[in-house]
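Heads up: the structure comes next, in structure tokens.
All values derive from a computational prediction rather than experimental measurement.
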Amino acid sequence: MIKSFVTGAAAFAVSALAPLSVSAAPVYFNPEANVGATGSNGVGGADVDLHLGIEGNGAYAQIGPMIRVPDTGTDTEVGISGKAGYGFGPGYTELSFATIDSDTSFNLKVGGKFDL
């Protein structure tokens, strides 16, 4: 049930982004792996995002499936994740989410990038 929902949500997101690529903003593919680690336990599991996104005028949005690969030997899980952000001068901000089953997390990032 959850996998069919995630697949349907990802298909909807791709179809919603497709018309924008023709008329306005470039579409891109952003694969990303996030691996956790702690000092006492070493390397933990990984979340692999396979996002399609659009960007233009300093803003971007991306969405796609997320594959959670735990380090405990249990089965991988499939969810959906996405992020949207905006760059302004040297600063940027990003809001992201990740959902697996009924567990959803949100994160806010604010930062800067300065040429040296």
How close do [X] and [Y] get, counting heavy atoms only, and between which atoms?
{"X": "Leu50", "Y": "Pro31", "result": "CD2-CB, 4.1 Å"}
{"X": "Gly79", "Y": "Ile100", "result": "CA-CG1, 3.9 Å"}
{"X": "Pro70", "Y": "Thr76", "result": "CD-CA, 4.1 Å"}

> Are the side chain of His51 and the backbone N or O of Ser81 linked by a donor-acceptor pair below 3.5 Å?
Replying inline: yes

>> Checking the side chain of Thr93 only, and the main-chain atoms of Lys109 only, is there a donor and an acceptor separated by less than 3.5 Å?
In response: yes

Starting at [atom1] of [X], measure out to [atom2] of [Y] and round the result to the nearest 0.5 Å.
{"X": "Thr104", "Y": "Phe97", "atom1": "OG1", "atom2": "CZ", "result": "8.0 Å"}
{"X": "Leu95", "Y": "Phe106", "atom1": "CG", "atom2": "CZ", "result": "7.5 Å"}
{"X": "Asn30", "Y": "Lys83", "atom1": "CG", "atom2": "NZ", "result": "6.0 Å"}
{"X": "Lys113", "Y": "Tyr92", "atom1": "NZ", "atom2": "OH", "result": "9.5 Å"}
{"X": "Glu32", "Y": "Asp47", "atom1": "CD", "atom2": "CG", "result": "10.0 Å"}
{"X": "Arg68", "Y": "Asp75", "atom1": "CZ", "atom2": "CG", "result": "14.0 Å"}

> Does the side chain of Asp101 come within less than 4.5 Å of Glu77's, by heavy atoms?
Replying inline: yes

> Can Phe29 be reached from Val48 by stepping across I, L, V, M, F, W or Y side chains whose heavy atoms are under 4.5 Å apart?
Replying inline: yes

> Is a side-chain donor-acceptor pair under 3.5 Å present for Glu94 with Tyr86?
Replying inline: no

